[in-house]
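A quick note: this is a predicted structure, and the numbers were derived from the prediction, not measured. As the structure lists them, so they are numbered: ligands from 1, and atoms in each ligand from 1.
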Amino acid sequence: MSKRCMLFELKAKAKMLWGRYAMSTGFLHSVASPRVYETATEQVNLWRQKARVGGDRSFEVSEDVFQGALDMIYAVAFGSSIGATRTQLKLLRSLEERDMTKATNTVVEFPTAANPEDFEAIRILTESAEIAMNSPVPRWHHWFALKTFPKLVAAGKSKDKMIKARLDAAWLKFSSNEKSEGEVKGACDLLVQKEAALAHKDGRAPAYDTPVIQDELFGFLVGGHETTSTSICWGLKFLTAHQRVQQKLRLALRAEFRRAFEAKEAPTVQEILASSIPYLDATIEEVLRCGNTALASMRRAMQDTEILGHRIPKGTDVFLVNNGPGFITKPLPVDEQKRSKTSQESVSRHGMWDVSDIGVFQPERWLTKNEKGDLVFDPLAGPMLGFGLGPRGCWGRKLALLEMNILFTLVIWNLELLTVPDKLSTFAAKDVMTHVPQHCYLRLAEATYSVRASFISNAKVGIPGDFNLTLLDHIYDVDGLEWVGNTNELNAAYATDGYARTTGGAGCFVTTHGVGELSALNGVAGSMTEQVKSIHVVGQTSRKMQKNRMMIHHSIGFNPDHNIFNNASKAFRVAAAEIQSEEGATEEIDRVLRECFVKSRPVYIFLPIDLVDKHVSAKALEKPLDLKPVADEKKVEEAANAVLDALYASKNPSIFVDCLVQRYQADAEMRELVDKLAIPIYTSNMGKGIIDEDHPQYVGLYNGMPSGPGVEAAYIKSDLMIVVGNLPSDTNSGGFTRQAPAEKIVAIDADNVTVKEKTYPEAPIKAVLRKLLDIVTTDKVPIVEMPKLPERPLEDDRDSKLITQSWVWHRLAEFLEPNDVIFGETGTAAFGIPDATFPPHTQWITQTYYGSIGYATPAAFGVEVALTRNEAQGKPRGRTILVTGDGSLMLTVQEVGNMVKQGLKPIIILINNAGYTIERVIHGARQSYNDIVPFNYSHMLPFFNMPEGEARMNFHRAETKAGLEEILGLEHVRKPKTVQIVEVVMDMMDVPWRLSTQIATRGPAAVKEMQEAGFKVRQLQKQEG
Ligand SMILES: Cc1ncc(C[n+]2csc(CCOP(=O)(O)OP(=O)(O)O)c2C)c(N)n1
């Protein structure tokens, strides 16, 4: 028996308005969306207010959702809100917590304001459909009720009056001119405008307020809110119950709406319309599938037909059930032969998800990968009939999806749907006009705008192990975080270091406890001593295992202390979050992240495996991470004034720039300051590149004795040496020969300033440089004549056809382009490259102080990862040029395989000088301990799985200068698309002059040993002197 009633028919009649006019993209975007956005914003504000007044308690929102949905459709129909949500909000604004008489510890019930009259009329008429649904003679019964029940009669009159008034107003607007011009503010305007235009055209009297048009409009209102509000309620319930989905959705929104995220405001309606967020579409589709708002579509057979071999006579009402097998439970077995031909043919076009988890709410089932490998929303991923199909499918589908899209975006963006007590979160439903949840409770908190993880680093590197696997799973949940594996933990630590140096922020890597964390320790120690921001996350054994000192694998001996490894790394970090409870965990993590930045050194986060999946409050995220060091404004000013006083009183000042400027992110201030001061600039070995070497005031690299001709002589003429970001290790000061007379030194260090032996504490480097920029009076800075350096003496091996140390570094420097990142691995490269002049904006990376060989290859991997991500975000990037010795490469060569796998494109210049030349020159020139295992490097790329042909193209070997010239001129070497290896064959007894000069600083015995072994000892500075 048909359960049709007049309201359903009205809804169907509204077809012209729905289908032809109001569902056009133009109308939806320019007219409907702004109205929907306004009302959705009101809804968010209402809930925000309820959360403020109700505190941490849950409250029922079904009525709010119903009011909001009617507000929306009314505004889309008539251009202005019916005011239901606004009325409630007004009342709520005047209330405080103490006014909440109907509140328990967990639930709060808010007083309600009387709804506007029109709202009540529409609601009464909509709900009257239930009369038909419960009657054996639905059509007649409903008609009778509408005509005779006083409440329904009054509501009908009210509704007719309201619609007539709206139509009249629209008519006034569009009938006044021939072209029916005027602003269309809603569907009613659109309908009248079309009718006015048609009437003009046909030369007839317009019929804008006929019963048909009135029914169209009322059908639009009725059809547009009850199903949508039910679906929204289901959506809120699912997102509350599935916190992972909610969090993932929020992150997807944040990733899409970057501008809004950074501005800490909601995305605009235009931004929402222009967006494409597959996870949002998938979530809405999954809400519709699992919520089952319309349990069935009813269709009457228009002709005799057959379904799965069963005869269906014309006129039969067929119920297509949406909540059964195939949709939310496993499909029933069907004899495929019995399906119609069209149905059989469509199998390949329509997907069927993995049915093993068909009963689970899981938006991911609607996502597939496109040809480019990107996840896209696929509405055909599985069967779905929520809106029906074909000519009798739901006309309002587009509007309903638009409303849900805007509302869910704004709700999830602004509010966190916290879990509600079990008894309030059941999925019990009642079947009235739609399949409605019995209750819909929310407990809310403001969503915060900061995501710590993506802020720190958008790529996490590391190595899996039993104790971090589940932790690693969560990396995939966070948009903006990416898992990049490494070939071992030491490499992960190095890669993190490289990543951090090039981004200026922190790098983060994850290892398993014991074996993993110990393997990484050498790399972490390097970051510690070179002051690089590294976050080492260790997945530990469970708290119970730790407490019971269980003999879990990777532990040491009997009755093992599981924290033995944690204790081992204490000297190599500035802070550690040793998490043992979810209580306070987030605050503790924030504390160490701050330490990492403020002290620019490694930190650890230890996470027992049993804590990984525990929920913690997101409250800490409300407080933005403060990464700036504490700077006492007065002390900073005092320090800056002392610097300036000394500067103004000097006659021949200079400024010396070292690497800690970069570590404390003060490069920009440094560059601005040298421009402003216009006094001679020198840099250290490790500070090279921070100031462009074509700067008019740049004199050269001063490294004590191993400095270029005339550099030291010029520097020591300074009567005031402003030394910024000093790191005075042996290798960065020419074996402690760099001159630094205390009475001439103004030292601007990481967190204090010393002016001629008086120290000003609590004055961080970046703040001091900024202050100097603000208060310096450039007129008072002495004008200094730029020193003139003598010409470099010509090298005596310059005519050699073979590749020599005296030639190769200058040639490689010519190969550089602005924005390149160049690595000099510990070895002859680290001493040779500083001799060359870089183009502007070159980043120079060398682990000169810690000097752990093998560092540069994985660190170059980390840099390439960072540069590739930059490029993907449209930022400019240079190339990564790794210069490494053959001995060093062998320690961490596996990471080249990872470069191939990840599609990275560094240029690797491999100095093949048959072993540890740098060690030969120090001692034991021809001892076998300075030899290495010889390799055939041409096999390296194929071994790492680069296809043979490609590998041949990308491997190059140069034995002569001419050969290297040719290779460096190749287009695919200069502009690489994949890893390039350039093997450069050099003499094992050839060393850069800076290296032999540095060794000579050890005294005459060292010089004698070098000379007896056959090394040339060239001291350019001496030659000049
Ligand atoms: C991990 C580590 N082990 C040992 C050393 C000692 N060391 C310093 S440089 C070097 C040799 C580097 O040789 P290679 O990379 O071939 O460079 P070359 O000097 O030959 O250009 C060694 C073994 C070190 N610095 N780090």
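The shortest N/O to N/O separation between L891 and ligand 1 does not fall below 3.5 Å. At a 3.5 angstrom cut-off on N or O pairs, G827 does not count as close to ligand 1.
At a cut-off of 3.5 Å, with distance as the only test, no side-chain donor of S707 or E712 sits close to an acceptor on the other residue.
Just one residue in the list L882, T857, V982, D886 forms a side-chain contact (heavy atoms from CB on, under 4.5 Å) with L910, and that residue is D886. Results of the salt bridge (charged side-chain N to carboxylate O under 4.0 Å, His left out) test with R920 over D987, D931, D990 single out D931 as the only residue that passes.
Short contacts between ligand 1 and S852, defined as distances under 4.0 Å to a heavy atom of the residue, involve ligand atoms 1 (C), 26 (N). Within the listing of ligand 1, atoms 24 (C), 25 (N), 26 (N) sit less than 4.0 angstrom from a heavy atom of G851. Counting the atoms of ligand 1 from 1 in the order shown, those under 4.0 Å from a heavy atom of N913 are 18 (P), 20 (O), 21 (O). The contact set between ligand 1 and G887, taken as ligand atoms under 4.0 Å from a residue heavy atom, comprises 14 (P), 15 (O), 16 (O). Those atoms of ligand 1 with a heavy atom of G885 less than 4.0 angstrom away are 14 (P), 15 (O), 16 (O), 17 (O). Here is the list of ligand 1 atoms found below 4.0 Å of a heavy atom in I918: 9 (S), 10 (C), 11 (C), 12 (C), 19 (O). When each atom of ligand 1 is checked for a heavy atom of G915 under 4.0 Å away, the hits are 16 (O), 20 (O).
The shortest distance between side-chain heavy atoms of L521 and F572 falls below 4.5 Å. Using a 4.5 Å heavy-atom cutoff, the side chains of V821 and I881 are not in contact.
Under a 4.0 Å heavy-atom criterion, G854 is not in contact with ligand 1.
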Would Y929 and E919 count as a side chain to side chain donor-acceptor pair (under 3.5 Å) here? Give the steps.
CA-CA 9 Å; Y929 53 64; E919 299 290 38; over 6 Å; no
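Atom 21 (O) of ligand 1 has T828 OG1, 2.6 Å as its closest protein atom, hydrogens excluded (heavy atom only). Atom 13 (O) of ligand 1 has Y916 CD2, 3.3 Å as its closest protein atom, hydrogens excluded (heavy atom only). Nearest non-hydrogen protein atom to atom 7 (N) of ligand 1 is E919 OE2, 2.9 Å.
For the ring pair (Phe, Tyr, Trp, His ring centres under 6.0 Å) test, no residue two or more places apart in sequence or in another chain qualifies with H810.
Listed by first and then second residue, the ring-ring contact (aromatic ring centres under 6.0 Å, His included) pairs involving residues 963-986 are H956-H972 (not counting sequence neighbours).
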